[in-house]
There are 2 protein chains.
Amino acid sequence: MVTLKQLAKELNVSISTVSKALNDSEEIGEETRKRVKELAKLYNYKPNKVALSLKQNKTKTIGVIIPDILNHFLSKVLFGIEREANLHGYNIITCISNESLQKEKDSLQLLANGSVDGFILSIAEETQTENEINHFKETISQGLPIVMFDRVAHDVKCDKVIVDNFEATYNATKNLIAENRKHIVFISKIDNISVGKLRERGYNKAMLEEGLETNVLRILKGDDTQQKIKRLYKKHTEMDGVVAADSASGVIAINMARNFKKKVPKDISVVGFSSKSVSNHSVPKLSIIRQHAKKIGAQAAQLLIDRLNSSSETHNDYTTKIVKTTLVKSKSTL
Amino acid sequence: MVTLKQLAKELNVSISTVSKALNDSEEIGEETRKRVKELAKLYNYKPNKVALSLKQNKTKTIGVIIPDILNHFLSKVLFGIEREANLHGYNIITCISNESLQKEKDSLQLLANGSVDGFILSIAEETQTENEINHFKETISQGLPIVMFDRVAHDVKCDKVIVDNFEATYNATKNLIAENRKHIVFISKIDNISVGKLRERGYNKAMLEEGLETNVLRILKGDDTQQKIKRLYKKHTEMDGVVAADSASGVIAINMARNFKKKVPKDISVVGFSSKSVSNHSVPKLSIIRQHAKKIGAQAAQLLIDRLNSSSETHNDYTTKIVKTTLVKSKSTL
DNA sequence: CTGAAAGCGCTAACAG
DNA sequence: CTGTTAGCGCTTTCAG
């Protein structure tokens with residue numbers, strides 16, 4: 001990498017002259033500016049990012065901590081973050097907490113040494129179950145802003161971007177009820193995290209309002225999802241609707257239906273939190289609750305960057321943005 | 001963030017004394033060392049990463065450029081990279097080329113300004129079709145090593161980690177033939193990239209060796225995969241086997257089979273490049289060709305870090321590691 | 001055993 | 001219009 005020093009030497013001018021010329025300072029003469037720029041182009045000069053960061057005390061880098069990169073929703077959010085960040089000249093350093101509190105703490109600690117200007121994160125499962133939030137508060141008090149998305153800690157004062165989980169399942173359930181379904185089951189692999197609980201409540205409310213009996217199937221970590229859903233079909237032959245809290249369960253419910261001579265959507269309707277690409281995995285295609293993951297990522301990035309730009313430490317008005325879900329009907333509902 | 005300066009002031013010693021004490025230099029007295037360390041702990045001192053990077057001319061950061069974060073395989077590799085990098089004290093900056101040559105170039109350029117010590121990347125689709133490799137060569141000649149994985153450019157001299165694509169489909173196809181399948185179709189959504197071509201060749205070879213007729217279904221970007229596969233079933237009623245080059249096609253082929261009164265695996269066997277979690281989306285579960293994505297990521301990270309550590313610029317012996325696939329049979333094959 | 005000083009690459013206030 | 005200087009935070013000779 002060429003440095004200002006080398007350019008200066010070759011041009012027989014001072015380092016600051018070169019620096020100013022490249023930054024189009026009015027202080028420098030037309031002639032000199034041209035000469036400097038030409039040489040810089042020739043050598044493909046690029047200002048050293050690290051030196052700039054040190055000087056300006058900001059890295060133009062965002063630390064992103066996500067619990068699970070294999071989760072389609074989360075990686076889509078990451079995509080949105082990356083895109084929006086790039087648009088504003090920011091890079092992202094990605095850490096994966098793997099749902100572990102310790103790893104989350106470590107990542108936060110590790111990057112809070114000048115590596116990043118702020119964080120965007122979704123909370124690890126373990127962090128939620130242990131209800132630990134001190135590491136977030138510490139980071140913020142060190143002057144590093146945090147934006148939380150999806151799985152957030154309400155007791156931490158920071159910007160947040162969330163989904164209307166409760167309303168989403170409430171509406172989806174109501175929709176199935178409007179199809180005259182009476183025996184709707186709620187399937188969830190994520191009943192241990194906040195988001196999953198909200199989704200379950202939305203379902204419950206819709207069912208209770210209509211005087212229908214609720215039925216929740218919880219699938220745990222080690223469980224065989226297909227087996228559990230198979231047993232569900234066996235036991236509840238009257239089942240005529242499924243609302244799935246995660247992306248796989250809905251797909252499997254559809255594909256399993258035929259084993260029990262049930263036609264989708266004639267005999268049973270299925271809707272689930274999922275993405276377009278995964279909804280394709282079932283025949284017929286799954287009707288989905290879209291979460292607009294990319295948009296969530298973009299919003300989170302915007303919130304953080306806005307805060308980073310408004311140097312005024314004063315404004316403590318933290319905002320919580322709600323990105324509304326959309327029910328996209330395919331062939332698995334009437 | 002506390003700095004050495006502040007600690008020095010408070011302790012009435014010089015900055016260098018503090019620095020040495022914290023680095024356990026023998027030059028500093030037992031007593032002083034203790035005092036310094038205590039204050040440092042109290043203030044939660046962490047050496048500024050940026051200053052260190054500038055001083056030592058290395059960032060302990062790896063630039064990762066992947067074509068598509070929503071691709072399960074690629075994000076799993078990313079996971080492997082992140083994990084291995086962390087183990088060695090490296091962070092990763094992630095850029096997503098989105099299969100675009102321009103974005104790939106930009107990312108490379110942008111990070112080659114001192115932001116990272118080297119790159120791990122998989123080539124964008126557009127880069128492959130346009131057969132452009134100069135940007136890679138330039139980056140390498142600037143002193144930034146590159147490790148390529150999965151989709152690699154053979155004409156670029158660098159370390160590589162690849163999959164035995166040809167053998168994988170060759171073996172998988174042979175397996176179906178051993179089940180006495182005669183009308184095996186190869187389905188591919190990725191026939192435009194090198195990896196996809198290799199997979200197709202492996203299938204072709206196996207079929208031709210046995211004197212069987214090949215039949216390839218290519219699914220393009222805008223196509224409706226379900227429609228295409230449906231038409232395939234309609235047209236080729238004799239079909240009794242499927243080898244899928246991507247993760248979705250295999251799943252869909254299984255779930256679609258019943259629409260044509262075909263039992264899996266009795267009437268038709270299906271195997272596809274996929275992951276365990278996606279193989280779950282079909283009933284019965286898809287038999288898969290596992291690529292060991294995490295291992296690929298880990299190996300790539302190791303190769304890069306090894307090269308970064310061996311300061312000797314001299315050794316130009318680039319290695320290409322082949323991570324062998326594994327055929328994992330589920331219930332979609334006999 | 002401790003401190004002063006140089007330097008990593010850059011910007012910017014201040015002289016000339 | 002151009003150059004000198006200081007300083008971002010840190011490590012590391014080299015003096016003392």
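The chains referred to below are lettered A, B, ... by the order of the sequence lines, with proteins before strands, and numbering in each begins at 1. Side chains are part of it too, since the values below use all heavy atoms of this structure and drop only hydrogens, waters and symmetry mates.
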**Q.** Neighbour count >12 (heavy atoms, 6.0 Å) for atom NZ, B:Lys37
**A.**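 Yes.
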Q. Quick check: are there more than 12 heavy atoms from other residues, nucleotides or ligands sitting under 6.0 Å from NZ of B:Lys46?
A. yes
Can you check the [X] [atom1] to [N] [atom2] distance for me, whole Å?
X	N	atom1	atom2	value
A:Asn48	C:dG7	CG	P	18 Å
A:Leu54	D:dT11	CG	C1'	13 Å
A:Leu52	D:dG9	CG	P	15 Å
A:Lys55	C:dA13	NZ	C1'	10 Å
B:Ile15	D:dC10	CD1	P	9 Å
B:Leu11	C:dG3	CG	C1'	15 Å
A:Lys20	C:dG16	NZ	P	14 Å
B:Arg33	C:dG3	CZ	P	15 Å

Q.
Both B:Glu27 and A:Met1 contact DNA chain C. Taking the nearest nucleotide for each, which residue is further toward the 5' end?
A.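 That would be B:Glu27.
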Does [N] have OP1 or OP2 sitting under 4.0 Å from an N or O in the side chain of [X]?
X	N	answer
A:Tyr45	C:dC10	yes
B:Thr17	C:dT2	no
A:Thr32	D:dT2	yes
B:Asn23	D:dT11	yes
B:Lys5	D:dG7	no
A:Ser19	C:dT11	yes

Q) For A:Ser75, does its backbone N or O pair with a side-chain atom of A:Asn71 as donor and acceptor, under 3.5 Å? A)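 Side chain of A:Asn71 to backbone of A:Ser75, a donor-acceptor pair under 3.5 Å: no, none is there.
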Q. Between the main-chain N or O of A:Lys60 and the side-chain N or O of A:Asp117, is there a donor-acceptor pair closer than 3.5 Å?
A. yes
**Q.** Side chains of A:Asp106 and A:Gln102, donor plus acceptor under 3.5 Å
**A.**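 Checked: A:Asp106/A:Gln102 side chains pair up, N/O donor to acceptor below 3.5 Å.
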Q: Check every atom of C:dT11, D:dC10, C:dA4 against the side chain of A:Leu4 and return the nucleotide holding the closest atom.
A: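 Given the options C:dT11, D:dC10, C:dA4, the side chain of A:Leu4 is closest to C:dT11.
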Q) Hey, does A:Val50 reach any base, or is it just sugar-phosphate, or nothing, if we go heavy atoms under 4.0 Å? A) nothing
Q | Check: A:Ser16 side chain, D:dT2 base, donor-acceptor under 3.5 Å | A | no
